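Before I ask anything, let me first share the structure, which is written out below as structure tokens.
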Amino acid sequence: MAGPYYVDPAASGDNNGSDWANAWTNVQSAFDTVAAGEICYLRGTQTFADATTIDVDTRTGLNAAGPIRFIGCNAGGTVDGTRFVINVNSKAVHGLSVTTTADGYWMENIEVKNAGAGGDSKHGIYFTADARGWTLINCCANTCSGSGFHVSSGTYIRFIRCCSYNNTESGFYGNPSGYAIMCSAYGNTVAGFNYSIVTSSYIGCIAHANGTGLISAENGYLLLNSVIDANTSKGIDNIATTGIQMSVIIGNRITNHSGAGDIGLDCNSEPITTGWNYFEANDGDNLQEATLHREIPYWVTGATEAGEGATTNIHDSASITDCGYVNSAGDDFSTDYTSATNPTLRRTAITIPWR
Amino acid sequence: MGNYSFKTTGLPEPVNGVVEGHNFTQGAPHTAIYAGQTGLTFRRCNLLNCDVPAGSTIEDCLGPVHTSFCSHLYPQWCEKGYITECAENCSHLTVTDIVTIDGVVVDSNYTYTNTRVD
């Protein structure tokens, strides 16, 4: 096992990746070299001078040897959350193209942005092959002509504390059998989270000011303790499919879909179970109850039957200001509601990294 | 930071001449935004299909770059009037796959792609 390796586009040494002074100046060299169990540190910004994508098609992180780790650092070479930036610079290519079964990468503190030159959509990170088991932590994809993170093929992709914003398509697209934890998707033209499919999970996420907050094309997903707010179309759109998998939507705030007729949660007769969601300020139906498959009943103190005297989804509490957020206008979607009289309202605070 | 996709009015006011961190994706190529304003700097914005005022400074943005969107790929945008409806054999058509059985056409599959506009 060799390394660690280093990437710094501003380095002026031997360009062999051996240390910061002699760091590779092109991250492609790292993707071609770093092997399973090895680590590469990156700092600074790599700006594309031409339409040459960064191909991830050579190495695979194996379970036995461990993942291939790429970790961004600050200017001093310390890991403190500062991201290494890949600026595609409006070239007609994707930022990173995962074009073979390149399994087992661990990407931490990496940003990809400005992919596309008009025409075909170009994504920040684009999985086109069945790459499995990637973990992305504190990564960011933004301002692309396609999606920020686009998983056309690939499974078990794990996004943790990632953000994806201002893309012309979606923030996070695809990702079968994957999950997103404490991720944020905002300002994306089509959707925040799109094509939610079988066994996808979203926990503690935010979808804010996208076209649609979350689009599901196949169901079978979990949405838990998340905020779906102020998207310009529907909050959640479950598209009619022929699948039979049930989606579970629990403990979320679905708010401020204020366009004419915009629905908070459009179930569209798909097999969906919901409970303990809070709805407010959705112009259309908060929840398409007529097409909802099932609400989870629960016991209330003194009740004799499940769900007696209680509702499992809360609609439009006039006593709650700013839909229960600390300051949504200031992008603070933490909730500080502590009512002792209405315990059905979720009080879990969410602090999401916007950028 | 906001999503102003398909909008040319109600755009955020520049701050000291700077417009920063917004998504201004438009449906049609060469759609003017901030028309008539001068001396602007656009920083970290998505300017897909935007024409910004002459003399503007562009810093760390996507574009301006221009795309002719196919309504077959974005029916929801077409429904909302953001883009124009395309014919079945529109200029975005790249592949036509006609399936015949015993000489009878039983299915037609079309592949469309957005096209770049200069």
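These figures come from a predicted structure and were not determined experimentally. In what follows, chains are A, B, ... by sequence order, proteins preceding strands, each numbered from 1.
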Is a side-chain donor or acceptor of Asn166(A) paired with a backbone partner of Gly21(B) at a separation under 3.5 angstrom?
yes

Rounded to the nearest 0.5 Å, how far apart are NZ of Lys113(A) and CG of Asn46(B)?
13.0 Å

Can you say whether Phe6(B) sits under 4.5 Å from chain A via the side chain, the backbone, both, or neither, judging by heavy atoms?
side chain

Which atom of Arg116(B) lies closest to which atom of Ala117(A), heavy atoms considered:
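Closest approach of Arg116(B) to Ala117(A): NE-O, 3.1 Å.
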
Contact origin within Tyr74(B) toward chain A - heavy atom pairs under 4.5 Å:
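Interface part for Tyr74(B): side chain.
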
Ile98(B) atom CD1, over 12 foreign heavy atoms within 6.0 Å:
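Atom CD1 in Ile98(B) is crowded, with more than 12 foreign heavy atoms closer than 6.0 Å.
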
Do side-chain atoms of Ser90(A) reach the backbone of Gly63(B) as a donor and acceptor pair under 3.5 angstrom?
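Between the backbone of Gly63(B) and the side chain of Ser90(A) there is a qualifying donor-acceptor contact (under 3.5 Å).
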
Over 12 foreign heavy atoms within 6.0 Å of CD, Glu85(B)
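At most 12 heavy atoms, drawn from other residues, nucleotides or ligands, come within 6.0 Å of this atom.
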
For a quick test of reading the model, state the closest non-hydrogen atom pair linking Thr67(B) to Gly118(A) and the distance between them.
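Where Thr67(B) meets Gly118(A) most closely, the heavy atoms are OG1-CA, 3.2 Å.
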
Interatomic distance, Phe69(B) atom CZ to Ser121(A) atom OG [nearest 0.5 angstrom]
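It comes to 6.5 Å.
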
Can you say whether Thr115(B) sits under 4.5 Å from chain A via the side chain, the backbone, both, or neither, judging by heavy atoms?
backbone

Of Thr189(A), Asn167(A), Thr143(A), which is the lone residue that meets side chain to side chain contact (heavy atoms under 4.5 Å, CB included) with Asn23(B)?
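In the set Thr189(A), Asn167(A), Thr143(A), the residue that makes a side chain to side chain contact (heavy atoms under 4.5 Å, CB included) with Asn23(B) is Thr189(A).
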
Would you check if there is a donor-acceptor pair between the side chains of Asp60(B) and Asn114(A) at a distance under 3.5 Å?
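On atom types as modelled, these side chains qualify, holding a pair under 3.5 Å.
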
Under 4.5 Å from any heavy atom of chain B - which part of Asn87(A):
side chain

Against chain B, label Ser233(A) side chain, backbone, both or neither, depending on which of its atoms sit under 4.5 Å from a heavy atom there.
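Both parts, backbone and side chain.
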
Taking side chain as everything from C-beta outward and backbone as N, CA, C, O, which of these in His92(B) sits under 4.5 Å from a heavy atom of chain A? Side chain, backbone, both or neither.
neither

Check whether Asn142(A) gets within reach of chain B through its side chain, its backbone, both or neither, counting any heavy atom under 4.5 Å.
neither

Step-by-step side-chain contact (heavy atoms from CB on, under 4.5 Å) determination, Tyr165(A) to Asn3(B)
CA-CA 9 Å; Tyr165(A) 60 88; Asn3(B) 184 358; over 6 Å; no

Go through the atoms of Ala115(A) and report whether side chain, backbone, both or neither lie under 4.5 Å from a heavy atom of chain B.
backbone

Measure the NZ-CG distance between Lys122(A) and Leu62(B) for me, rounded to the nearest 0.5 Å.
12.5 Å

Just verifying a value: how many Å separate Ile239(A) CD1 and Gln76(B) CD, rounded to the nearest 0.5 Å?
8.5 Å

